[in-house]
Protein chains: 4
Amino acid sequence: MSSGSEARRGRPRSAGADERIIRVAIELLLARGYGGLSPDEVAERAGVAKTTLYRRWPSKGHLALAVVARLQEYDEIPDTGDIRRDLTVYLGEIAVALNRMRLAGAAEGSRSPGTVAELVAAAARDDELDRLRRELYERRNALAIALIERAVRRGQLRPDLDPGVLLEQLAGALYYRVLITGAPVDEEYAARLVASALDGATTAE
Amino acid sequence: MSSGSEARRGRPRSAGADERIIRVAIELLLARGYGGLSPDEVAERAGVAKTTLYRRWPSKGHLALAVVARLQEYDEIPDTGDIRRDLTVYLGEIAVALNRMRLAGAAEGSRSPGTVAELVAAAARDDELDRLRRELYERRNALAIALIERAVRRGQLRPDLDPGVLLEQLAGALYYRVLITGAPVDEEYAARLVASALDGATTAE
Amino acid sequence: MSSGSEARRGRPRSAGADERIIRVAIELLLARGYGGLSPDEVAERAGVAKTTLYRRWPSKGHLALAVVARLQEYDEIPDTGDIRRDLTVYLGEIAVALNRMRLAGAAEGSRSPGTVAELVAAAARDDELDRLRRELYERRNALAIALIERAVRRGQLRPDLDPGVLLEQLAGALYYRVLITGAPVDEEYAARLVASALDGATTAE
Amino acid sequence: MSSGSEARRGRPRSAGADERIIRVAIELLLARGYGGLSPDEVAERAGVAKTTLYRRWPSKGHLALAVVARLQEYDEIPDTGDIRRDLTVYLGEIAVALNRMRLAGAAEGSRSPGTVAELVAAAARDDELDRLRRELYERRNALAIALIERAVRRGQLRPDLDPGVLLEQLAGALYYRVLITGAPVDEEYAARLVASALDGATTAE
DNA sequence: AGCTAATCGAGACGGTACGTCTAGTCTTAAA
DNA sequence: TTTAAGACTAGACGTACCGTCTCGATTAGCT
């Protein structure tokens, strides 16, 4: 895409700086939550000037989003052919990530959604950040939707199924618990959820 | 509740203050979103001192939650016996409320989740506020769960169904769109969602 | 002028805060010069929030000016009837103040005009600050001009003398040395200056 | 001075760069004042890299001083034999230069001393710059002092006169007005000043 | 012709001061 | 005791600015 014919000029951005900043940011975010992610401190710990940080991520929200993106970097979903199992595994991974965020910087027993909500809130104040955040989720969801579509093509799922809606039912339920009701999410719940969504609610006659 | 024996002394609380504050808060929240709900400005517009406001709602989050609660005051869900229809109506109402919040204070084309996320984030920083917020949702969800249970009892839904999980699939999908993907929610979506959740995803054989 | 019929409302400004802030500011300014006068540090040392400081002095320049004003608080110039002597004393006092500023925060042997110039420069960036600064000097100079006028009335100085111009010759020379040439100013110089200005330069015939 | 034997190697300095930079700097300084003289912008407008600029003038202050020096390039003071007139002309020229600086980058009605003070302040932070600045003034003042000395030798001014002090009275008054009181300086003032200084203040008997 | 050395354009980088913003608390006098 | 008014605490956040450093690309003199 931007493969580089255009000869770069000027001092190139320090490659190490990006990585050091992100690492420190991950550490801080997981240890203290969104509120504890101070750009000042990140810069200092990364041995970098604040300007350098802000040149890359123009606000604390952007930085936090980059952290989340990094923590979610898994490029493909295993497709074993057993859609029920694959979806359960996928949702389980999301649950793990959500739980990690949930624990970040939270008081001991707190069931607080913490970082996830803060990030959505931060995005709510900055359209550009919001766009980036949505793109992140779209990218991730595209993988899951493709998984579902393959199952449809294999005849395992009904042909008139809307894969997006199914995914929203599944992922939505996880986020609903984390963000809204505070109920726990784990693999067992993921399995129940998949069963419920796939099998439907109406009486099987 | 507190009627009674212990004779209060000193100046009694201003009667109309609560209502005036809430009204201004609703107005501000809808017009400018959570960020625009400045306690200072609410107090000033309501013709009330900040102390008066904080004596009633101990934080901005509490006030915002009170606003949201007020905006969601509907006490029962119509039960026509047609569970598919009733659920669609119910979800449609939630969608309307979410859209209202979504528009609050947002720039024109913005699809920002705004207030909902801010409120969750605020709750993430204050356990007591989080408790209140969850109670609000539980109260509302209890109605929907009862609706589903009645349908189960009538034999319209499968007896082994977990009503909570079904509700999470449905409401969760709405919130997922609003908070995470930014996709639109409306009655048409509510209907599709109900169909998808009730009918399941597996091939009907 | 603003004598107080209009009943003050709200919490009055902390009287101690002003004083504490100014004291710390004086200390810092004299010890480290204008560059070392950090509003943050002043606030912290004075045990005061930054907002409190900025409510009173809207910029570092305003604060520094307040310090200078405080350091120059002498309300009257002794008038012994000997104008030559009185002017010398007056100029000597200015010289002392200038030297104090000059030493503020300067490297050992440095003859730098430091704070005085910084203050003028700061005023150059802020019209309102500049106005305040000029008023300060006008107030001070009015005293000296009155002194000169009295001498004129007593017949000690020529009746067609412009007191303002004379003062500018005198004070100006001091400031010129401090700000421009870096030459020393002391009482001996003050005396020479007065003699030169009073006696004129033309050949006495 | 450095002509000669040690054969320079490497790419020679760009010939036109110095001049282009100074030109842009003059333009910017006069248009927007010291604060508007951004090294970045000077370099960009001059089509030059910042390194190139800083290789020639090691700080913004040095550059500004170079600008001022350039603007003051007049090599001799006319000596008509009429010391009163010659001094007036000389002071008038200084006044013109000061007024030009004063207007630089100032808001319409502002009487701000701007650049002059900024330069002094900058010099206060850098001993080497301060030395250069003082040398500039000394060079200029030497001409005036020589002028005065010639008048002394001609018997027009008193033989015991200290030419330096007289000059300080004169130039000092101009700078005092510009830097301290903000009062206007022009040729009429220059004339009054010369008269006052030459004729003295004491009653002529 | 190659080697060496300095300059050049471009722009990232360091460092740090400054002021703003926002929530919630505290202190007055009056009701 | 509540109310209005507004000063107060607390601290994070982002901006501004100057001067340095690092690239790759030039341009000279020396060998």
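What you see is a predicted model, and the numbers here were worked out from it, not measured in a lab. Below, chains carry the letters A, B, ... as their sequence lines are ordered, and counting in each starts from 1. Any value given below was found using the heavy atoms of this structure, including those in side chains, with hydrogens, waters and symmetry copies removed.
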* Structure fact -> Whether each nucleotide of nucleotides 1-6 of chain E has a protein heavy atom under 4.0 Å at its base (B), only at its sugar-phosphate (S) or at neither (-) is summarised, 5' to 3', as ---SBB
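The interatomic distance linking D:I21 (CD1) with F:dG19 (P) rounds to 14 Å, in whole Å. Distance A:L37 CG to F:dG11 C1': 15 Å, rounded to the nearest Å. Across the protein-nucleic acid pair, D:E128 atom CD and F:dG19 atom P stand 12 Å apart, rounded to whole Å. At whole-Å resolution of the value, CZ in C:R32 and P in E:dA17 are 10 Å apart. To the nearest angstrom, P of E:dC18 lies 15 Å from CG of C:D126. We find that CZ of B:R125 is positioned 16 Å from C1' of F:dA10, with the value rounded to whole Å. Between the P atom of F:dG19 and the CD atom of D:E41 lies a distance of 16 Å, rounded to the nearest Å. Between the NZ atom of B:K50 and the C1' atom of F:dG6 there is a distance of 8 Å, given to the nearest Å.
When atom types are taken as modelled, the side chain of D:R133 and the backbone of D:A123 share no donor-acceptor pair closer than 3.5 angstrom.
For DNA chain E, the residues of residues 56-66 of chain D within the heavy-atom distance limit of 4.0 Å (strictly under) are D:R56, sorted by number.
Proximity of B:W57 to B:V42: side-chain heavy atoms (C-beta onward) are nowhere separated by under 4.5 Å. In this structure the side chain of D:I22 reaches within 4.5 angstrom of the side chain of D:I26, judged on heavy atoms. Side-chain contact check for A:L63 versus A:I21: some heavy-atom pair is nearer than 4.5 Å. Taking the side chain as every heavy atom from C-beta outward, A:V24 and A:R20 never approach each other to under 4.5 Å.
Contact check, B:T51 against F:dT2: no side-chain N or O comes under 4.0 Å of OP1 or OP2. For E:dA12, neither phosphate oxygen OP1 nor OP2 lies less than 4.0 angstrom from any side-chain nitrogen or oxygen of A:T52.
Taking the charged nitrogens against the carboxylate oxygens, A:E41 and A:R32 do have a contact shorter than 4.0 Å, which makes a salt bridge. B:D127 and B:R131 are not joined by a salt bridge, as no carboxylate oxygen comes within less than 4.0 angstrom of a charged side-chain nitrogen. Checked for salt-bridge contact, A:R23 and A:E19 meet the test: a charged N lies under 4.0 Å from a carboxylate O.
Comparing C:P12 and C:Y54 against DNA chain E, the residue whose closest nucleotide sits nearer the 5' end is C:Y54. A residue-by-residue look at B:Y34 and D:S14 shows that D:S14 has its nearest nucleotide of DNA chain E further toward the 5' end. In terms of position on DNA chain F, the residue among C:V48 and A:D40 whose nearest nucleotide sits closer to the 5' end is C:V48.
At a threshold of 4.0 angstrom between heavy atoms, the contacts of D:G47 are confined to the sugar-phosphate backbone, with no base atom among them.
When each of A:K50, A:R45, A:K60 is paired with A:D40, the salt bridge (Lys or Arg N to Asp or Glu O under 4.0 Å) condition holds for A:K50 and for no other.
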